[in-house]
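Working notes for the structure below.
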Amino acid sequence: MEFHPLNEKDIKRLKSMVSPDRSSTGASNLDLHSRDMSRHPACRPEVVIWPVNRREVSQILGYANQNTIPVTAWGAGTSLEGNPIPLRRGIVLNFSRMNQILDIREADFQADVEPGVIYQDLNHKLRHSGLFFPPDPGTQATVGGMIANNASGTRTVCYGSTKNHVLRLVVVLADGEVVEIGNRAPKTSSGYDLVHLFVGSEGMLGLVVEATVRLAGIAEEFASAVGTFPSVQSAGKAVFEIMRSGVDPAALELLAQECIDLINREQDMGLNVLPTLFMEFHGPTQRQLSDILEIVHEICLQKGCQEFRPGLDRAERDRLLKARYGLGEMIRRNHPDQSRIVIDVAVPVSAYPEMIVFAIEEARKVKTATAYTFGHAGDGNIHLVIGAKEGGPEWAEIDEANNRIVTKALAMGGTATGEHGVGIGKTKFMTLEHGKSLEWMKKVKFLFDPKGILNPGKMFP
Ligand SMILES: Cc1cc2nc3c(=O)[nH]c(=O)nc-3n(C[C@H](O)[C@H](O)[C@H](O)COP(=O)(O)OP(=O)(O)OC[C@H]3O[C@@H](n4cnc5c(N)ncnc54)[C@H](O)[C@@H]3O)c2cc1C
């Protein structure tokens, strides 16, 4: 699709649709919306608009569609694959001012929110209710961005990813039509599941202006433990056995030794520098949890666990989780001159030990690169962050390693992206991953957005 640069009339017309303080063509605002947290090159939009209600979103989209102007939604810009980068320029709609928690229905375990709500703010508001919104990417992400990327996190192994927590959406389609999809029933078998078509669609089918999200009860008690292992493979095997035993972890994270070393250096944690599993379990009583920890301890010992430390208190658990969440930033800080490819493959959990060993070996082949391996192991999700100077000779090697790792994951029945979405970086794997069904995705895209104005340049190779 040919998109033409916005002319003065377009800018004037678009600016007239919102109050004067809520649009900008200023260089710093354009720059702020030109890149996310990934390595992908920046691309400036032509105008940034901060809508405050669905009527404004509808009016802007109606105009953009009529005049074939690209529109890219923006949550908090924390994506790792270039998902909100306005590749074809045009309009960026920043949803940060649509950030109202509209209703919390404790008795139904539900909340209605606007898309710009930061999920931690929702959880803060819920803190005295005994409820929480479980998907947790760990960044200052918005609910709209989480829905669009189908984000997940450390708790997903037990509570599910964002898609498991969206019941109803109000979306504005490419031509400005406002549609309500889904309902507030805990379950439904009525009609095609349009809600889940929009979850993970990266702002390419329509823009979310309201969501009803499902909340979960906070467990009465928790128990956490760390186990260290002689190799990543033995830790991976323990993951598989823990999942098979049916103990239902609330978090099951793997960190390879270089991550532990980094955390120790940055946060003075004093952990053993070995492949490590961080585990958490939720339940009604401590007695039940201590039985679970015994089972898990036994499994870990069988897989060669060298030290098993149960009974972390809340402060210690929180410190560990914070360090785990902070890894991305620590890596960035420690290698300021590098660019990074963030591998995000997920495989069936039985394939996890083989996959993680393969991934590490591939990364090691690139001699001068740095590599950090960690992941939401209970979901079969591996993050391998490989860094080097972009454009240098090792960059092509890193890219080759990335290709081999993703190809292997796909051959094992896995996916190129467990949680970060396709954005720019994973488009090259879409044909291999989806085969003929990619053509059906394109038809769906055409049905909802025939002019291709919504987040153009993404997802499809
Ligand atoms: C250090 C670090 C760690 C991370 N860890 C995780 C992790 O553990 N798990 C995980 O899943 N992710 C993780 N991420 C990635 C990122 O935080 C998530 O993908 C998050 O959901 C992005 O939300 P956002 O609000 O920043 O959205 P943005 O990045 O602004 O946008 C994401 C996508 O959503 C679209 N979008 C935004 N708002 C709307 C809307 N209202 N309607 C339709 N489309 C919309 C955008 O166009 C874009 O395609 C991590 C990122 C960083 C930097």
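Each ligand, and each atom within it, is numbered from 1 in the order the structure gives. The structure presented is a predicted model; accordingly, all values stated were derived computationally and were not measured.
- A donor-acceptor contact shorter than 3.5 Å links the side chain of R127 to the backbone of H124.
- In this structure, H165 and F133 have perpendicular ring planes: the angle between them is above 60°, well past the 30° mark.
- Around ligand 1, the residues contributing at least one heavy atom under 4.0 Å from the ligand are M37, A73, W74, G75, A76, G77, T78, S79, L80, N83, P84, F95, P115, P137, T139, A141, T142, G144, G145, M146, A148, N149, A151, S152, E202, G203, G206, L207, V208, H376, E419, H420, N455.
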Under 3.5 Å, which donor-acceptor pairs do the side chains of residues 47-55 form with other protein atoms, sequence neighbours left out?
from: N53; atom 1: OD1; to: R55; atom 2: N; distance (Å): 3.1
from: N53; atom 1: OD1; to: E56; atom 2: N; distance (Å): 2.8
from: R54; atom 1: NH2; to: E210; atom 2: OE1; distance (Å): 2.6

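- F278 meets the ring-ring contact (aromatic ring centres under 6.0 Å, His included) test with no other residue; sequence neighbours excluded.
- The aromatic rings of H376 and H383 stand perpendicular to each other, their planes meeting at an angle above 60°, with 30° marking the opposite boundary.
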Could you list the donor-acceptor pairs under 3.5 angstrom formed by side chains in residues 347-358, with sequence neighbours left out?
from: Y352; atom 1: OH; to: N381; atom 2: O; distance (Å): 3.2
from: E354; atom 1: OE2; to: K408; atom 2: NZ; distance (Å): 2.8

